[in-house]
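Any value given below was found using the heavy atoms of this structure, including those in side chains, with hydrogens, waters and symmetry copies removed.
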Amino acid sequence: MTADTRLTTTYSMWSKFRNCRRACYWRYVKQIVPIQSKEASLWFGSLIHECLEIWHETRLLNLVLEHIDRI
C-alpha cells in the first residue's frame with residue numbers, strides 16, 4: 001500500500017486496531033489472514049441452531065446437552 005492509496009475502514013478494522021495494532025496491520029494493511037476452515041464455522045452454527053430448536057420445542061436442558069454430547 002502506497003501513501004497515495006486510500007484504505008476503506010470498517011468497524012471491524014478499528015476494533016482490531018484498538019485491541020492489537022500489530023494484528024490490524026497484518027490483516028488490513030498486509031492483507032494476511034489466518035487459515036480458517038469454513039466447515040468448522042458452519043458446523044458450529046448448525047449445532048447452535050439445532051440446540052435452539054430442541055430447546056424451544058421441549059424446554060428440556062438435558063435433551064440439548066445430550067444432543068451436544070452426540071456430536
Among residues at least two apart in sequence or on other chains, which ones pass side chain to side chain donor-acceptor pair (under 3.5 Å) with Trp26? none
With sequence neighbours left out, write down each residue that passes ring pair (Phe, Tyr, Trp, His ring centres under 6.0 Å) with Phe17, or none if nothing qualifies. Trp14
Please answer: with hydrophobic residues joined when any side-chain heavy atoms are less than 4.5 Å apart, are Ile32 and Tyr25 in the same cluster? yes
For Leu63, what residues pass the side-chain contact (heavy atoms from CB on, under 4.5 Å) criterion, not counting sequence neighbours? Ile54, Thr58, Leu60, Glu66
Using the test side chain to side chain donor-acceptor pair (under 3.5 Å), find all partners of Arg21 that sit at least two apart in sequence or belong to another chain. none
Restricting to side-chain contact (heavy atoms from CB on, under 4.5 Å), what partner residues turn up for His56, sequence neighbours left out? Leu52, Arg59
Please report the interatomic distance CD1(Ile71) to SG(Cys51), rounded to the nearest 0.5 Å. 8.0 Å
Please name all residues satisfying ring pair (Phe, Tyr, Trp, His ring centres under 6.0 Å) with Trp55, sequence neighbours left out, ordered by chain then number. none
Other than Val33, which residues form its hydrophobic cluster under the rule that side-chain heavy atoms must be closer than 4.5 Å? none
Glu53: side chain to side chain donor-acceptor pair (under 3.5 Å) partners, not counting sequence neighbours: none
Validation row: Met13, Thr8 side chains within 4.5 angstrom (heavy atoms): no
Interatomic spacing from NZ in Lys30 to CZ in Arg22 - rounded to 0.5 Å: 10.0 Å
How long is the gap from NE2 on His67 to CD on Glu50, to the nearest 0.5 Å? 3.5 Å
